[in-house]
Each structure stands twice: as C-alpha cells, then as structure tokens.
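Inspection log for the structure reproduced underneath, given as structure tokens.
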Amino acid sequence: DIQMTQSPASLSASLGETVTIECLASEDIYSNLAWYQQKPGKSPQLLIYDASSLQDGVPSRFSGSESGTQYSLEINSLQSEDAATYFCQQHHDYPWTFGGGTKLELK
Amino acid sequence: QVTLKESGPGMLQPSKTLSLTCSFSGFSLSTSGMVVSWIRQPSGKSLEWLAAIDWDGDKYYNPSLKSRLTVSKDTSNTQVFLKITSVDIADTATYYCARRSYYSSSRAYVMDAWGQGASVTVSS
C-alpha cells in the first residue's frame with residue numbers, strides 16, 4: 001500500500017495568516033492526489049484534485065503544489081470558516097489511502 | 001444535482017454481517033470512468049478506503065479487509081451495496097459512499113461527491 005504521511009497533525013493560526021499542510025507519499029503517485037476539508041459532523045469536501053487543480057466553487061485562497069513525492073496544501077488569508085480538518089488522499093493505486101489529517105484551529 | 005445517501009442498520013452485534021446501501025442520483029454508474037467507493041471513518045480518526053465498483057462492474061477491495069468485504073450494484077445502476085462479515089467493535093465508524101468521476105476538460109479522475117455518511121455502532 002502507498003503510505004501518506006501528513007503533517008502537522010494540528011496547527012493553530014490567526015485570521016489572515018497563511019498556513020501550509022504537507023503530505024509525503026511513500027512512492028511516486030504521479031500527481032494523483034486530492035485534498036479534502038472536513039468540518040465536524042460533515043462529510044469531506046473536495047478542495048484540490050490532481051495535486052494543484054482547484055475544484056469548482058472553492059475559494060482561490062486554497063492552492064496545491066508538489067515537489068517529487070511531497071505534496072502541499074496552502075491556505076492564504078485564513079478565514080474563520082477555514083477551521084476544519086484537512087486530509088490528503090492518493091488515488092494512483094488501489095488501495096486508495098488517506099493521510100492522517102491536520103486539524104486547523106483559528107486563534 | 002449529484003447526491004449520494006448511505007443507509008444501514010445503525011447498530012448491530014459482533015459477529016453479524018453489516019449491510020450498507022448507497023443510493024445515488026444525478027449520475028449514472030454505467031458512464032465510462034465512473035466509480036463508487038466506500039470509505040469509513042471511526043470517530044475522531046482518519047479515513048479508510050474500503051472498496052469500489054466501477055462502471056464496468058469491476059470490483060476493488062482494501063487488502064486489509066478483503067476477505068470480509070463484498071461490493072455490488074443493482075441492475076439499474078442507482079444503488080451500490082457493501083457487506084462486511086463478522087463485524088467487531090473495530091468496525092464502529094461512519095461509513096461514506098463517494099463518487100469518482102472523470103473530468104474530460106482536465107483529463108482527471110476526481111472523487112468529487114460524498115454522501116452524508118451512515119453511523120454504524122457494533123456493540124453487544
């Protein structure tokens with residue numbers, strides 16, 4: 001199985017700040033990576049697909065990038081509604097696997 | 001509008017078989033490239049992909065659970081089912097179904113729609 005190591009597990013930031021969440025794949029996943037946002041009691045919502053493509057309707061302050069097997073999600077100009085847990089997911093090969101999640105708290 | 005909705009027993013006893021249904025609308029599972037997956041999430045934990053079935057009827061399973069899982073779909077391609085045999089407390093989780101579709105404009109496969117989740121508790 002492809003392992004997705006996500007960091008940090010949690011972070012706290014202030015409104016207007018920029019944060020970065022990372023996922024390291026255990027092998028090449030050829031950009032087959034998605035980022036999801038999940039709020040308590042809700043299902044995950046797609047933010048980014050193919051490592052850097054913004055899903056329709058998602059604010060442009062969310063962006064994705066990659067460097068080798070390292071994938072990053074950047075959130076600019078943090079808003080209060082960005083408080084959530086974020087997950088990465090690879091779909092290059094079955095079984096699809098998820099990162100452990102990053103809980104983002106707004107100060 | 002694409003919608004998916006999971007349904008299940010809510011609670012069941014250890015050693016029983018868990019049967020889940022994903023009812024969906026707004027797309028057809030017979031469309032080339034379409035896949036419906038099952039994913040679960042224990043409370044406070046991450047997500048675990050369980051199984052998938054594609055437009056061609058091909059099935060994919062998580063090897064860690066493969067011997068206990070069966071995914072299937074109905075002939076009208078509007079429902080997908082998951083059975084998990086011999087459940088135990090560790091199977092307590094919220095179970096989601098999700099659609100993976102093909103975005104022709106960007107030539108990308110995208111898991112872009114999830115159901116609201118069905119909570120399942122295994123308890124004696």
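A, B, ... follow the sequence lines: proteins, then strands. Residue 1 opens every chain. Heavy atoms only: backbone and side chains are in, while hydrogens, waters and symmetry mates are out. Quick caveat, the model's predicted, so the values are computed rather than measured.
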request  = Evaluate the criterion ring pair (Phe, Tyr, Trp, His ring centres under 6.0 Å) for residue pair Tyr49(A) and Tyr109(B); output intermediate values, then yes/no.
outcome  = CA-CA 8 Å; Tyr49(A) 64 92; Tyr109(B) 290 98; over 10 Å; no
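- For a residue to count as touching a neighbouring chain, one of its non-hydrogen atoms must lie under 4.5 Å from one of that chain's; by this rule Ile39(B) touches chain A with the side chain only.
- Clustering ILVMFWY residues whenever any of their side-chain heavy atoms sit less than 4.5 angstrom apart, transitively, puts Phe81(B) in a cluster other than the one holding Val87(B).
- Here the CH2-CD distance, from Trp114(B) to Gln45(A), works out to 9.5 Å after rounding to the nearest 0.5 Å.
- Atom CG of Asp56(A) is separated from atom OH of Tyr103(B) by 6.5 Å, given to the nearest 0.5 angstrom.
- Between Tyr60(B) and Tyr94(A), the two ring planes are parallel [angle under 30°; tilted spans 30° to 60°].
- How far CG of Leu46(A) is from CZ of Arg100(B): 13.0 Å, rounded to the nearest 0.5 Å.
- The hydrophobic cluster containing Leu78(A) also contains Leu11(A), counting ILVMFWY residues as joined when their side-chain heavy atoms lie under 4.5 angstrom apart, directly or transitively.
- More than 12 heavy-atom neighbours from other residues, nucleotides or ligands sit within 6.0 angstrom of NZ on Lys39(A).
- Considering all non-hydrogen atoms of both residues, Ser106(B) and Asp50(A) come closest at O-OD2, 4.5 Å.
- No single ILVMFWY cluster, assembled from side-chain heavy atoms under 4.5 Å apart, contains both Met4(A) and Phe98(A).
- Atom CG of residue Leu47(B) and atom CZ of residue Phe87(A) lie 4.5 Å apart, to the nearest 0.5 angstrom.
- Grouping the Ile, Leu, Val, Met, Phe, Trp and Tyr side chains by contacts below 4.5 angstrom, directly or via other members, places Trp38(B) with Leu69(B).
- In terms of hydrophobic clustering, with Ile, Leu, Val, Met, Phe, Trp and Tyr side chains grouped at heavy-atom distances under 4.5 Å, Leu47(A) and Ile29(A) are assigned to a common cluster.
- At least one donor-acceptor pair under 3.5 Å links the side chain of Ser46(B) to the backbone N or O of Gly99(A).
- Looking only at side-chain heavy atoms (C-beta outward), Pro44(A) and Tyr96(B) come within less than 4.5 Å of each other.
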Worked check of side-chain contact (heavy atoms from CB on, under 4.5 Å) between Tyr36(A) and Met111(B) = CA-CA 10 Å; Tyr36(A) 299 91; Met111(B) 195 155 68; 3.2 Å; yes
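- Residue contact with chain B, scored on non-hydrogen atoms closer than 4.5 Å, involves the backbone of Lys42(A) exclusively.
- Between chain A and the residues Gly117(B), Ala108(B), Ser64(B), the most heavy-atom pairs under 4.5 angstrom are made by Ala108(B).
- Within the 3.5 Å criterion, the main-chain N or O of Gln116(B) finds no donor-acceptor partner in the side chain of Ser43(A).
- At a 4.5 Å heavy-atom cutoff, Gln6(A) makes no contact with chain B through either its backbone or its side chain.
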